[in-house]
Amino acid sequence: MLWRAIAGQWRCVSAASALGAMHQTGEALVPVLIGVIIDEAVATGDAGALARLVAVLIGLFVVLSLSFRFSLRLGERGSERASHAIRMELTARVLHSGGGAENGRLSGELASIATGDAKRVGSVNLALPIAFAAVVGLVVGAVALLRVSVPLGLLILVVAPLMLVLAHLLGKPLERRSEAEQDRAAQASGIAADLVSGLRALKGIGAESTAASRYHLTSQGSLVAAVRAARAQSLLEGSVLTLTGLFLALIALVGGKLAVQGDITVGQLVAAVGLAQFLLWPLTIFSWVNGLFAQGRASAKRVTEVLSAPYAVPPAAGSLPSDVRGHLRLSGVSSDSLRSLDLEVRPGELLGVVAPDPADAAALLRLLGREVDPTAGSVELDGVCVSTVDVSSLRGSVVVAAHDADLFEGTVASNVVGDVDGALDASALTLPLETPVSERGRSLSGGQRQRVALARALALAPPVLVLHDPSTAVDAVTEVSLAAGIREMRRDRTTIVVASSPALLGAADRVVLLSDGRFVASGTHSDLVRDHETYRAAVLS
Amino acid sequence: MTRELLPIASGARTWAVLRSLAPVKLTLLAFGVLVAGTGAGMVAPPVLGHVVDLVTARRDEFLLPVAVLVVVALLQGGLTALGISLVAKVGEGVLAELRERFVTRVLRLPLEQVEKAGAGDLTSRVTRDVQVVADAVRIALPTMARASLTIVLTLVGLLVLDWRFLLAALLAAPIQAYTVRWYGGRAMKVYTAQRTAVGEQQQQLLDTIGGASTVRAFRLGEDHLSRVRTRSEAAVSLTLRGIKLLSQFYGRLNVAEVVGLVGVLVTGFILVGNGSATLGTATAAALYFHSLFNPINQALALADDVQSATASLSRIVGVVDCPVPDRGTFDGVADGSVKVSGVGHSYVTGRPVLSDVDIDLSPGERVALVGASGAGKTTLAKLIAGVHTPSAGTVDVGGDPRDSVALISQEVHVFAGPLIDDLRLARPSASVDEVEAALARVDALAWASALPSGLSTVVGEGGHRLTVAQAQQLALARLVLADRPVAILDEATADAGSAGARALEAAASSALEGRTGLLVAHRLTQAESADRVVVLEDGRVVESGTHADLLAAGGKYATLWAAWSGSR
């Protein structure tokens, strides 16, 4: 996965690496050049040399500035594009008609894989050029130092990494402590947001002052943690400052001695001081890059897990007859909680299904939508076993409108497509078509949301429509008119309504009662109410 | 309803509040220590310059300057560490006080005002603004403080070396000022757009992935894939535009760096040439200037964060300063009776939602409110609970409605944290037994005890996820614990699906025992079991009586019941 992300953007990555190397070389040469200017111009008073060297300095800045700019841009482009590609691949896999990618993952988690993890995998394309540039910078800096003075150069090249190892060892426990405290410090913001989103619930029971005093405790706890985190962080920064300062003192001592002996010039001493400080950067960058790669690997694993998840139903290539009559037959079907269920739905029938155990209803819906294949028995549509039919084309003929189906951002018109007018009438919807719908339909009331969802299903006018509890969020007055609307709109087309509302069941041609995953009774709503105790308890109590 | 956003404090007021929150002595101490620490670091370049002078003079006397460098290193590290942690103490203290005042004030604001502002306004203040300010305190504040001190003290150092060095260094300032102005406006625009685009991309992913089963069922895959692609591409292209801008920003700062550096080197050349400075002094000046690069870049890059933190602060202080209206005085003790007389209400003048409503509830009575959407059921519930004040007529619950009426609305919320803490919001003093009794009463004890850590299980955002029905049962258990004489349930059982609805109805009925109850009936079985049924139509009461009476009367309710129960 990681290598694929890099390979997909190799042009950006290699160009960014080359430019990054150029930039680091330039940065390494700045202290060297300052040393030369001090030696050959400031110390000698040679104006011609000054003019020449200043021109070189300006040229050097132009090169390092431009190479940095484009290296950064190319690296980011490689990173962002790779993340985008992964994001699209993940979305396509999740939406694939075969399903199975969710596999128990929450949608928030999947969305964060498609954003956070995709980004971290992509970031490898940003880290790689930086790592390459740091290596080049290190080599150039080391060569420059050794050319100034072999003993001073060796001293710096040995002490600098040792010092960083020391800083790293000092820093690790502090950093860990700081991270743990930072998590606690972040709680205060989270809890505040939580209280505000529950404001109505709090005010409804008069819990304002309890909530306020509880928040005081959370906030003070976070305060203590935040101050501790900051203390750990400041200790870390302080020790790095001290170590760098001591390093500088050492170079001043050794460099000064060498200069007095005439082994190096004053300018070279200045260059050595500058180079020593420059070298600290490429050295620190390695642990950072290492961290990015580790994160990238962990993220790549999560991405791969989703992409390689097995499909919930195996792909099939069969097709249905072009004109589906809507004759459904379940014979001896076992699936989830259903056990050897036999059920026949005649073409054009409006069938009510009452399943007191929600698990039975869910199992039936999953089966009809071919989200799963039965473990035993078969589901046939117009005599064709649906397990042999391509899922996507099957769903063109059999539409299952789940109780918790989501609306999508846009307008009522963008959600309801097909026979719009009839569907809106049947769903008793008076909302104008251009009414905006926010994500998940949250801008609508529960009742409106459910009716738009119903209208969406009806408008498609599929040969077979399965509706699950389509009226639970609407008031009783509206429910009665929905029942009539569904009957009218679905005249002569097969419709299954899985519900327990008497208003809906009363409108059905026939009602089937399921219990313990099996068929129990069948008849009209009024017959069953009159004759069947279990049925009466299920729908009228 | 017109939007009336919550107030935003003026800049002056925001600073006044901040100043009043910061402890003076600690702030001065923090600042002093940080100045001392940064100042110690300023000694290094002249000492190195002195080393250069010793070299030029061929004098091998490095022990003293090196000893000074060692002391400087220790002082700089120690004092800076202390300074940063003191600054954090001040900053975090102010932040904590501010967020507590904010939350306390939000909790006291009338719901009516919050609703008028729209839920988004408050939510974005409490999530985004509080976070932006916290980040600024944690990241921008210490870095900014150190960087600006370093800049100021370095300029002082240059002045001490020779005023002409300072002049040369300041050649860079106009370029930097121009760069910041050039960048500031553009960056603000691009980053705002980028944040919005990333937010939209995130939202689209949540929408698409969260609704994946719907997308598959309705074969909307192609459409959603292209929605995600559009949003993701927009976010990518804006991010890259931001990076381009940033790289141009650094490019311009590079120009400032080279101009200043050349200026200092040329000044050194001249001053050393005419004998007014030593080579060591010129070296120290060059080192000073070179060490300015990082702090200047940091300070300028953070200018943006500081700006947005200031904007967020004024939105937080705006809420903190909101006046809380007087609750008014209520004589008498609530006994559970409710008297609604001649009540009318309109959110927009001329468009009444309720007119001339009279309803009396006697203590302990259970009344079901029946009507189509938009008939005014929720408005009536809110008026009785004291959320809104009626435009006409009076609502009398005997005492202060905010102490005697409990309202459960459609939006249920599970508070993040241990389950038992959620319930104790309703009664902080409740013992474990009392909490368990309340759960048992709404038939929730079985599942609550079966949670991974029982009642201590962390639920809500980031914790164990409860179903909608379970969340509604919790709301009912809170109602039991709050133990108010009057309880209003506004479609609290609505969205649980048919099987869950029945269980919730039983739980609601049990929670209402011993209380006056008004329930906005959703399933007519609720109406059937109530003491009295009130039918609302277009904001007016059209029928009122027991289920049996209304059936016998053969009016609207009877027709409705016949159709609903299917007993044609």
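Chain A is the first sequence line, chain B the second, and so forth, proteins listed ahead of strands; every chain is numbered from 1.
- The shortest non-hydrogen separation linking Leu107(B) to Ala211(A) is CD1-CB, 3.9 Å.
- For the pair Arg69(A) and Tyr250(B), the NZ or CZ position fails the cation-pi test of under 6.0 Å to the six-membered ring centre and within 45 degrees of the ring normal.
- In this structure, Arg231(A) contributes its side chain and Ile84(B) its backbone to no donor-acceptor pair below 3.5 Å.
- Residues forming a side-chain hydrogen bond (donor to acceptor under 3.5 Å, both in side chains) with Ser219(A) (at least two apart in sequence, or on another chain): Arg99(B), Glu100(B).
- Counting only distance, with no hydrogens or angles, the side chain of Arg77(A) and the backbone of Leu240(B) share no donor-acceptor pair below 3.5 Å.
- Using a 4.0 Å cut-off between charged side-chain N and carboxylate O, Glu371(A) and Arg216(B) make no salt bridge.
- Between Leu261(B) and Phe61(A) there is a side-chain heavy-atom pair separated by less than 4.5 Å.
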When the side chains of residues 74-81 of chain B are checked against the rest of the protein, which donor-acceptor pairs come out under 3.5 Å, sequence neighbours left out?
residue  : atom : partner  : partner atom : Å
Thr80(B) : OG1  : Gln76(B) : O            : 2.5

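- Counting heavy atoms from C-beta outward, Glu76(A) and Lys244(B) have side chains that stay 4.5 Å or more apart.
- Side-chain contact check for Leu287(B) versus Ile34(A): every heavy-atom pair is 4.5 Å or farther apart.
- Residues Leu69(B) and Leu246(A) fail the side-chain proximity criterion, which asks for heavy atoms closer than 4.5 Å.
- For a residue to count as touching a neighbouring chain, one of its non-hydrogen atoms must lie under 4.5 Å from one of that chain's; by this rule Leu223(A) touches chain B with backbone and side chain alike.
- A donor-acceptor pair is defined here as one N or O able to donate and one able to accept, closer than 3.5 Å; no such pair exists between the side chain of Arg219(B) and the backbone of Ser97(A).
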